2 protein chains.
Amino acid sequence: MGRVRLADVAAYAGVSMKTVSNVVHDYPHVKPEMRQRVQEAIDALGYRPNVTARRLATGRTGMVALAVPEIDHPYFSELSRRIAEHAASRGYRVLMEQTLSEPGAERAVLRDREEGLVDGVIFHPVSTTQSELARLSRDVPVVLLGEAAIPLTVDHVMIDNVAAAREATEHLLSLGARRPVFLAAVEGDVTVSTDRRLEGFQDALQAAGVRLPSSHVLTASDFSPQASSEAVNRALDAGLDFDAILCRDDQFAVGALSALHARGISVPDEIALVGWDDTALSRFAYPAITSVSPDKAALATSALDLLLERIGGFHGPGRHVITPHTLAIRESAPAVTEAARPL
Amino acid sequence: MGRVRLADVAAYAGVSMKTVSNVVHDYPHVKPEMRQRVQEAIDALGYRPNVTARRLATGRTGMVALAVPEIDHPYFSELSRRIAEHAASRGYRVLMEQTLSEPGAERAVLRDREEGLVDGVIFHPVSTTQSELARLSRDVPVVLLGEAAIPLTVDHVMIDNVAAAREATEHLLSLGARRPVFLAAVEGDVTVSTDRRLEGFQDALQAAGVRLPSSHVLTASDFSPQASSEAVNRALDAGLDFDAILCRDDQFAVGALSALHARGISVPDEIALVGWDDTALSRFAYPAITSVSPDKAALATSALDLLLERIGGFHGPGRHVITPHTLAIRESAPAVTEAARPL
DNA sequence: CCGCAACGTTACAGCGCTGTAAAAGTGGTG
DNA sequence: CACCACTTTTACAGCGCTGTAACGTTGCGG
């Protein structure tokens, strides 16, 4: 237990508290012999600094909050890990928060900062409006993640969704796909990310001179793989003719894959499939699913570094960083080996 | 920002700091009119209590640490979510830590407590020895998770691994399996959980009068799905004759499934498959994988409740709680519909 | 051998809140 | 109306640490 206090060490070593503090903090101007004497006292007494007292004295917590919709969603848990690891290397710790996309919980995120729990917040908003975000993040170090409507005044990190969708679609076309569908929209969904990805999808089709009816955008009832399966089955039952699917995320991709498997449709031979987020879900599926892969490490480091700058006192206008993405090519939409083969 | 202090509110309302504090804490003996006056001051000034100062004054942090090997492993992230949600309902927050199974990181876990960062620790140890665990958790509120060698003096929550493995194996046998393998051991692994699960596997076989050579325990080179695939392929290449696989976890199960898929072996018709942990990996696979399902909510609530009792001052001997588990029956080893059909 | 830097160390006032103990108010009784 | 038993409010001393400012100490040039 935190029984031993700085004062105890000071008394034991016969020096002032401040000197002990200086030793603890590796302050340079301490004579080696003094440093050693104090260190011995620290070791002898088993002293551990009390973080809370330090925080109160310095006003800094050494913690940042990471607020995401669901902490056990593969994308977020993988991203969290990256952020936590990068934070550790910068001497920070991460407090994870789950908002479940609820407005109340999202609003509460910034309260942690106000209450001095953390020095800043990395936040993936879903339901908070742009203007509310702008208002709430006044004077609070915040970095936003994701593709919701983000106010220009707030720092923001994301990948180029339009380009990523375009590239994924081009990849499908290069495989010989001519009638791809976008499994994307969710009924009642208002997220901007879907729009951006759809835009890239259509850009690629247009550039390739492919013209498709709007029926080639599939809609699921919610964000679950089951809903995705149903959407694919509905399309198939309705006789929709398609040879590739670009999914808005990996959960949709595994759902689509199930539906295709169940019908005995070969992936990628009959229908090629691309997911999004490059999570464990796509890596471990069979066949392994090609997936748009945001550079999670870059996302993590960019977001944290921007945040730490804000915490450090930076007061400039919102920075908007685009981090790299790639297409993680796997079996569900493999690399073109020979000439584009017709599907 | 935390500009407004308790003293400011007190001055504004013309009362003492303590009265404001009492209002903030809903202390009962405050006259309604006084409460209202203070509340108005709080609202007018936008006062938010400073958590750090409160912590220093009370000595309690309202946070518990959850230390697991990998925060983005589906099992741990799903468990974390449960724990975080239960903690929230009890007024606590969870600080997540990743040990990567490294002894140093595992040892550091208890330091957080010593430094006053958290009030207690829920810890899933891997590489820390039993005696070290016993020593390190003296006088520190700790609850252990998992199946490592746990000292009897420390609180511990887990499922009955032997029984779970036995039931899973019985389920495979009920499906008609006669030559199941256990995909379990990892070279150089010393974890006890594998042993327990293997024990249950063998118990079930013995009870059913099935006698198998030791070659029916498959060994992978590490914990990845790839290693699992390779192990299955090796067994198949070696001509090992088996009709069911019990995997030590879901990652192994998805790896095994890939290998079987790739060879055109039907699951469950030719080989039935059972995973372990009931994570997103098994739920979203195709076919969906039957998996031993620890009651994660029960695990979470038991562990946290035990911990909160310790934090509350309980000093009794170690409690050892077994939480329920079920077998989440899915397509890879479905329920028996008719009489047991031979595979 | 004095004066002045730069170095080393110390004393002490907070950081913002809560627990304690005591003071002040309230009302019921005899 | 004095007294007692509560209830309500207050003053103030910490919680354990760090920042500041000030106070020694050295070492070195003149």
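A note on names: the letters A, B, ... follow the listed sequences, proteins ahead of strands, and every chain is numbered from 1. All values reported here derive from a predicted model rather than from experimental measurement.
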Review point. Which pairs pass salt bridge (charged side-chain N to carboxylate O under 4.0 Å, His left out) with one or both residues in residues 10-33 of chain B, sequence neighbours excluded?
Key: Asp26(B)-Arg35(B)
Review point. Please give, in whole Å, the distance from dC15(D) P to Glu115(B) CD?
Key: 20 Å
Practice item. Could you tell me the separation between the CZ atom of Arg54(A) and the C1' atom of dG19(D), rounded to a whole number of Å? Key: 14 Å
Exercise for review: Apply salt bridge (Lys or Arg N to Asp or Glu O under 4.0 Å) to Asp277(B) and list each qualifying residue two or more places apart in sequence or on a separate chain.
Suggested key: none
Check your understanding: To the nearest Å, how far apart are Leu56(A) CG and dG16(D) P?
Key -> 12 Å
Check your understanding: Mind checking what makes side-chain contact (heavy atoms from CB on, under 4.5 Å) contact with Thr301(B), not counting sequence neighbours?
Key -> His86(B), Asp305(B)
Exercise for review: Using a cut-off of strictly less than 4.0 Å, decide whether Ser21(B) has a side-chain nitrogen or oxygen near OP1 or OP2 of dT18(C).
Suggested key: yes
Review point. End-to-end bend of the helix from dC1(C)-dG30(D) to dG30(C)-dC1(D) (five-pair axes, 10° rounding)?
Key: 50°
Review point. Between atom CG in Leu6(B) and atom C1' in dT9(D), what is the gap in whole Å?
Key: 14 Å
Practice item. Could you tell me the separation between the CD1 atom of Ile42(A) and the C1' atom of dC17(D), rounded to a whole number of Å? Key: 13 Å
Point to revise | Test side-chain hydrogen bond (donor to acceptor under 3.5 Å, both in side chains) applied to Ser80(B) - qualifying residues, sequence neighbours left out | key: none
Review point. If you round to the nearest 0.5 Å, how far is CZ of Arg93(A) from CE of Met96(B)?
Key: 12.5 Å
Study note, to complete from the structure: Sorted by chain and residue number, the side-chain hydrogen bond (donor to acceptor under 3.5 Å, both in side chains) partners of Asn22(B) (sequence neighbours excluded) come out as none
Point to revise | Which residues share a side-chain hydrogen bond (donor to acceptor under 3.5 Å, both in side chains) with Arg55(B), sequence neighbours left out | key: none
Study note, to complete from the structure: In short, salt bridge (charged side-chain N to carboxylate O under 4.0 Å, His left out) pairs touching residues 74-84 of chain A with sequence neighbours left out are Glu78(A)-Arg283(A), Glu78(A)-Lys296(A), Arg81(A)-Glu85(A), Arg81(A)-Glu70(B), Arg81(A)-Asp72(B)
Exercise for review: To the nearest Å, give me how far apart CG (Leu45(B)) and C1' (dG16(C)) are.
Suggested key: 15 Å
Review point. What closest approach, in Å, do Ala303(A) and Val143(A) show between heavy atoms, and which atom pair accounts for it?
Key: O-CG2, 3.6 Å
Check your understanding: For Arg60(B) and dG19(C), what is the distance between atoms CZ and P respectively, to the nearest whole Å?
Key -> 10 Å
Study note, to complete from the structure: Readout for nucleotides 5-14 of chain C: B = base within 4.0 Å of protein heavy atom, S = sugar-phosphate only, - = neither; 5' to 3' it is ---SSBB--B
